[in-house]
Amino acid sequence: MSIELPVFYFLAAITIGAALIVVLGRNIVHCAFSLVLAFFGVAGLYVLLDAEFLAAVQVLIYVGGITILLLFAIMLTSRASGPGVRILNEQLGLSALIAGGLFFLLIYALWKGIPALAIKVPTQANVPTIGRVLMTSYVLPFEVASVLLLAALVGALILARKEKD
Amino acid sequence: MAADYAYVGLFLLVGILFVVFTIEVLSRLLRPSRPNPEKLSTYECGERPIGGSWIQFHVRYYLYALVYIVFAVETVFLFPWAVAFHRLGFFAFIEMMIFIAILLVGLAYAWKKGALEWV
């Protein structure tokens, strides 16, 4: 199990490096593609945590879906990037405050732990476990998720329609 | 269990190295390099390229991507259900049918609004 540590550092370096390019890159399309790499790094971290299902979802939804959506959103806008584009705006102070607060919250959670959020980690194959739990204990959130998806779909259709008229 | 994925990592690494090696090293040594403006121009089905590649796409593409994501998320929920299905019985089947039915309402709405038609 000693190999896990270098693999973790490797994946963490890929994720953080790609995320830095996302934030600091000047070509917004490069940023979007760098985001793909960051998502892959996170998927690798999930695999390292034995959360294979989550890793598959990460690749399927985030790499396959969200990034496509982002790229389409970029292509929808008229030229919004280039060498002269500013990557900072006047919200810098506020966002630094929020990011710093979140950082300290995460550090605190890592240090002390939040007991209310602690759950038992399943040890065996987790896809059947997720399926069973989703169909028994968490059936209401599961059905609510479909309503949420429905709302997203209808909302997107209405917004796109308004755009056209 | 994560150790099984070492193979995935190995394949990934070999795949990336293979591409990088063939394109950046091997091909650079073998290919002649005689560029001219004609060769360097963007390939556009044999036509002369007009304007920049960064044009404003229609909102319809975005709509298709959104519909894709909604149904990709639905598919993600189908996976654990299918794997655990033989142990869960009939009630789980009903639950999933409700889930799909709610999303089918969305599909029917999109269909009726003509979002699936290309104009």
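Chain letters run A, B, ... following the sequence lines, proteins first, then strands; residues in each count from 1. Values below: all heavy atoms of this structure, side chains included; hydrogens, waters and symmetry mates excluded.
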**Report entry** Parallel, tilted or perpendicular, as decided by the 30° and 60° cut-offs, for the rings of A:Phe142 and B:Phe77
**Finding:** perpendicular

Report summary line: Taking every heavy atom of B:Met96 against every heavy atom of A:Met135, the minimum-distance pair comes out as CE-CE, 3.9 Å

Report summary line: Pair count under 4.5 Å, heavy atoms only, with chain B: among A:Ala73, A:Ala55, A:Ala151, A:Ala152, highest is A:Ala73

Query - Spacing of B:Ile69 atom CD1 and A:Tyr62 atom OH [to the nearest 0.5 Å] - result: 9.5 Å

Query raised in the report: Which atom pair, heavy atoms only, marks the closest approach of A:Leu149 to B:Glu74?
Result: CD1-N, 4.3 Å

**Report entry** A:Leu48 reachable from A:Ile14 in the ILVMFWY side-chain graph, under 4.5 Å edges
**Finding:** no

Query raised in the report: So, for A:Leu69 and B:Ala65, which heavy atoms are closest and what is the spacing to 0.1 Å?
Result: CD1-CB, 3.5 Å

Report task. Show your reasoning for whether side-chain contact (heavy atoms from CB on, under 4.5 Å) applies to B:Tyr109 and A:Ile158. Result -> CA-CA 11 Å; B:Tyr109 180 76; A:Ile158 288 170; 3.7 Å; yes

**Report entry** Taking every non-hydrogen atom, the tightest pair across B:Pro80 and A:Leu134
**Finding:** CG-CD2, 4.5 Å

Query raised in the report: What heavy-atom pair brings B:Val83 and A:Pro128 nearest, and what distance separates the two atoms?
Result: CG1-CG, 3.5 Å

Query raised in the report: Just wondering, do A:Phe53 and B:Val76 contact through their side chains at under 4.5 Å, heavy atoms?
Result: yes

Query raised in the report: More than 12 foreign heavy atoms under 6.0 Å from CZ of B:Phe85: is that the case here?
Result: yes

Query raised in the report: Is there a chain of hydrophobic side chains (I, L, V, M, F, W, Y, each step under 4.5 Å between heavy atoms) that links A:Val154 to A:Leu148?
Result: no

Query raised in the report: Under a 4.5 Å heavy-atom cutoff, which of A:Thr136, A:Ile68, A:Ile61 has the most pairs with chain B?
Result: A:Ile61

Query raised in the report: Non-hydrogen atoms of chain B under 4.5 Å away: do they reach the side chain of A:Ile66, the backbone, both or neither?
Result: both

Query raised in the report: Contact part of B:Leu107 toward chain A, heavy-atom cut-off under 4.5 Å: side chain, backbone, both or neither?
Result: backbone

Query raised in the report: So if you build clusters from Ile, Leu, Val, Met, Phe, Trp, Tyr with side-chain heavy-atom gaps below 4.5 Å, do A:Phe39 and A:Tyr46 land together?
Result: no

Requested in this report: Give a yes or no on whether B:Phe79 atom CZ has more than 12 heavy-atom contacts from other residues, nucleotides or ligands under 6.0 Å away.
Outcome: no

Requested in this report: Count the heavy atoms belonging to other residues, nucleotides or ligands that lie under 6.0 Å from OH of B:Tyr64, then report whether that count exceeds 12.
Outcome: yes

**Report entry** Linked, directly or transitively: B:Val67 and B:Trp111 (ILVMFWY side chains, under 4.5 Å)
**Finding:** yes

Report task. Tell me, for A:Val139 versus chain B, whether the close heavy atoms (under 4.5 Å) come from the side chain, the backbone, both or neither. Result -> side chain

Query - Region of A:Leu60 in contact with chain B, defined by heavy-atom distances below 4.5 Å - result: both

Query raised in the report: What about B:Phe99 and B:Phe71, same hydrophobic cluster or not, with Ile/Leu/Val/Met/Phe/Trp/Tyr joined at side-chain heavy-atom distances under 4.5 Å?
Result: yes

Query raised in the report: Can you say whether B:Tyr68 sits under 4.5 Å from chain A via the side chain, the backbone, both, or neither, judging by heavy atoms?
Result: side chain

Query raised in the report: What are the two closest non-hydrogen atoms of A:Ser146 and B:Ile102, and how far apart are they?
Result: OG-CD1, 3.2 Å

Requested in this report: Let me know if B:Leu66 has heavy atoms under 4.5 Å from chain A in its side chain, its backbone, both or neither.
Outcome: both

Report summary line: Between A:Leu150 and the options B:Val105, B:Val70, B:Leu104, the side-chain contact (heavy atoms from CB on, under 4.5 Å) test singles out B:Val105

